[in-house]
Structures are given as structure tokens and as C-alpha cells.
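A short worksheet on the structure shown next.
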Amino acid sequence: MWRPFFQPYHLIIVQDGDPSKTIKVPEGFDYELYNRNDINRILGPKSSCISFKDSACRCFGYMVSKKKYIYTIDDDCFVAKDPSGKDINALEQHIKNLLCPSTPFFFNTLYDPYRAGADFVRGYPFSLREGVPTAVSHGLWLNIPDYDAPTQLVKPLERNTRYVDAIMTIPKGTLFPMCGMNLAFNRELIGPAMYFGLMGDGQPIGRYDDMWAGWCTKVICDHLGLGVKTGLPYIWHSKASNPFVNLRKEYKGIYWQEELIPFFQSVTLPKDCTSVQKCYIEISKQVKAKLGKVDDYFNKLADAMVTWIEAWDELNPSGAKSAELSNGASK
């Protein structure tokens, strides 16, 4: 289903789990395939910041990519159809979103004013109509919604059949739950903030990897004057994961998020934080200072955030064309 949409692009596949198993990629794709052994070899001791047996491992792909635009997708997502029955080219819509400005400082009631058939409404300040660069495009899902375990248990048969033909900029100062299932971003603008944390194997929490990245990213976008869009495109989410397994992974996250949200709402970044890396290191310090007392896990996470930035800068030296990573499994 994805072939006509993905074939023109370069794929990075991050294989989680047993590295001795071979993933067979269909013919005709330009791809790189990384497993745990590759991650350990490329990052050395810093590989400790990449989660294992959790979807958070995907952020290693963000780090090694050399492309400006990244689209990340789960393995249980398929091509959705619009109300007319036409296949949705999710990647094309994400790129359109990222190429189009955002309006985080003043809400346009006709949603995205840059779409065909829309414009800025009466009363919208002309000084703000140029907008700001869009760093993140957050797509949605038909069929199985992105619910947490308690909501899954209460609504096991609920399906999202509503196709809302809208894109909007999330306002400055407003956090949102970022889902990594259908997500695109401008790597040059926000890449170093897209760290999916310490999750899964050996960690007390899972399924909050994309949430953590989203909260950090939104705070940094607000500080640097960048935009985040949500809405189109839709993908078809084919299966709901087991709510009881999810509850075990999410339990502490559901409990902790009541402290995490006020923390991120109160984060302020100094003026000298002029790069994503500087912003991210500053957030890591505040995580240690304020969330370390909630649980020791956040001290480890703060350290991993610093390791992540060090590894990012090592693989992506500024001002120099970084060397291609030899990997052996690329095609």
C-alpha cells in the first residue's frame, strides 16, 4: 500500500528486538537498516540513551538521517482514504504543512489561512500574517484512535470515523499530546529536540516517548518562534495494542503526567538559549532540579538528554559535511 508513496524517498528502518533476526525489506526501496548492534557500534557508550524494546528506538533514525524533512510512522499504520475514496498521500500533505508558515501568536478562526479557499479573517493583525516557519506537522488517525489504556478499556469498540478536513497551528503557550504514529518534522529546525527518552526495557515507563518529545519540542518551538501544525493528513491505524499491557507500561506515566504538565507549562528558557541544543540542555537541567524529586528516573532521563545531544552533535558536526555512516545493510 505504501509503495507508491514511499518509493521515491529514502527509508531508515530501526529494527528493535533481536538483532540476529533479519528483516526482509521488499525490492525497489532505497533504505538503511539499523539494529541494536549497529546502534552500539555507531554510538559506543552513548548508545545508552537509545531505548530498547520500545518504539522510542526510532529516534536513532532521526540522529543518523541527513535529510531536511523526517516522516516517522508505526508498523501498524496503513494508507487511509479521504471521504471521496481516494488514497491519502500522507507524506505529500506533511511536506505541504512543513513548507507552509504557522501562526502561533494569533488564532485564525478559519484554521490554516494559507490553504486554498481560506485567508486571514477580519481583525487578524497584518503584522502577524507572514507567520513563522513550521517545525512540526502532527497528523491524525482513522479507525483506532490514539488512546491511553484506561480509555481503551472503557471504550474498546470505539473507532474514529470522522475525517475533519482541517489543519491548525497549535497556539504559543499551549502544550499538546504528540503522537509519533504519523508525524513529520523539519530536522534542521527542531531535530535535536526530537528525543524519545528512556522507555521500554529496563525503564519504569513506556508509551510516553512521543509525549516527552512533544512537550520538550513545543516549549522550544515557542521559545525560538517556530510553529507546530496538527490535523491533516490521516493514516489508517489498523490495530489497537493490548490495553492491559499498555496499562502496565503507562501506569507511572499516567500518574506522573499530572506533575509533568505543570512543569512544562512553567519552563522558561533564557535569551542566550539561541539553538535547539542549548534549549534542550537547559530543559534537562530543569528536569533534574524539579522532577528529580518526583522520581529518580527523571535524574537518569536528564542525564540521557545530555548524552543524546552529545551524540547528535558528534554525528552532526555543525558547519561540516558529516561523514556518511557505513552500515553494510544499506541499499
Side-chain angles (χ1 to χ4, degrees), residues 1-17 19 21-36 38-39 42 55-100 115-116 134-144 146 163 165 167 179-191 194 196 210 229-239 315-316 321-331:
M1 288 175 84
W2 286 114
R3 184 180 287 277
F5 305 113
F6 286 176
Q7 203 152 10
Y9 299 97
H10 181 69
L11 308 185
I12 294 180
I13 303 160
V14 182
Q15 177 182 342
D16 202 8
K21 288 184 179 170
T22 305
I23 286 182
K24 288 177 182 165
V25 180
E27 286 296 311
F29 288 96
D30 169 39
Y31 72 91
E32 297 166 57
L33 173 62
Y34 296 95
N35 62 31
R36 195 71 208 182
D38 299 314
I39 295 171
I42 291 164
S55 67
C57 69
R58 77 180 74 201
C59 63
F60 175 76
Y62 311 158
M63 188 187 280
V64 298
S65 173
K66 301 298 169 225
K67 302 295 185 182
K68 183 174 182 177
Y69 299 113
I70 302 276
Y71 176 51
T72 181
I73 188 168
D74 281 12
D75 59 1
D76 61 351
C77 295
F78 296 91
V79 178
K81 292 186 185 296
D82 68 16
S84 73
K86 185 183 170 192
D87 283 351
I88 296 167
N89 187 341
L91 201 46
E92 179 184 48
Q93 181 63 60
H94 275 299
I95 298 296
K96 281 181 179 174
N97 291 351
L98 292 169
L99 289 173
C100 201
R115 285 188 77 191
T134 301
V136 180
S137 171
H138 179 260
L140 298 173
W141 344 271
L142 292 170
N143 195 35
I144 308 288
D146 185 35
Y163 179 100
D165 186 14
I167 303 158
C179 173
M181 200 176 352
N182 175 25
L183 178 73
F185 59 93
N186 183 324
R187 188 176 175 278
E188 291 175 7
L189 289 181
I190 202 64
M194 279 289 177
F196 276 37
D210 41 9
K229 291 192 171 189
T230 186
L232 301 182
Y234 284 92
I235 50 88
W236 181 268
H237 185 205
S238 64
K239 68 175 192 284
L315 292 186
N316 301 279
K321 181 87 175 150
S322 44
E324 289 295 314
L325 294 163
S326 62
N327 158 349
S330 63
K331 186 171 185 301

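Atoms considered below: every heavy atom in the structure, side chains included; atoms not considered: hydrogens, waters and symmetry mates.
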Here the gap from I144 atom CD1 to W236 atom CH2, rounded to the nearest 0.5 Å, amounts to 8.0 Å

Quick one, L98 with K229, criterion side chain to side chain contact (heavy atoms under 4.5 Å, CB included). Give me CA distance, side-chain angles, the key distance, then yes/no. CA-CA 8 Å; L98 292 169; K229 291 192 171 189; over 6 Å; no

Do the side chain of N186 and the main chain of E188 share a donor and acceptor less than 3.5 angstrom apart? yes

Non-hydrogen side-chain atoms of Y62 and C59 separated by less than 4.5 Å: yes

Please determine, by modelled atom types, if Y71 and N182 share a side-chain donor-acceptor pair under 3.5 angstrom. yes

Between Q93 and N97, does any side-chain donor sit less than 3.5 Å from a side-chain acceptor? yes

Less than 3.5 Å apart, any donor N or O on the side chain of Y34 or E32 sitting next to an acceptor on the other? yes

Any donor-acceptor N/O pair, R36 side chain to G17 backbone, under 3.5 Å: no

Donor-acceptor contact present, side-chain Q15 to main-chain K21, <3.5 Å: yes

Is there a donor-acceptor contact under 3.5 Å from the side chain of H138 to the main chain of G231? no

Side-chain contact test, heavy atoms from C-beta onward, threshold under 4.5 Å: evaluate it for K66 versus N316 and give yes or no. yes

Quick check, are the ring centers of Y234 and Y163 under 6.0 angstrom apart? yes

How many angstroms lie between NE2 in H94 and CG in L99, if you round to the nearest 0.5 Å? 13.0 Å

Do F185 and Y69 have their ring centres less than 6.0 Å from each other? no

Straight-line distance of K96 NZ to L91 CG, nearest 0.5 Å: 12.0 Å

What I want to find out is whether D16 reaches R58 closely enough, with some N-O distance under 4.0 Å, to be called a salt bridge. no

Report yes or no: do H10 and D30 form a side-chain donor-acceptor pair below 3.5 Å? yes

Evaluate the ring planes of F6 and W2, with Trp represented by its six-membered ring, and classify them as parallel (under 30°), tilted (30 to 60°) or perpendicular (over 60°). parallel

Side-chain H-bond candidate by donor/acceptor type, H237 with D146, under 3.5 Å: no

Please list, chain by chain and in numerical order, all residues satisfying salt bridge (Lys or Arg N to Asp or Glu O under 4.0 Å) with D87, sequence neighbours excluded. K81

Gap separating the CD1 atom of I190 from the OG1 atom of T134, nearest 0.5 angstrom: 12.0 Å

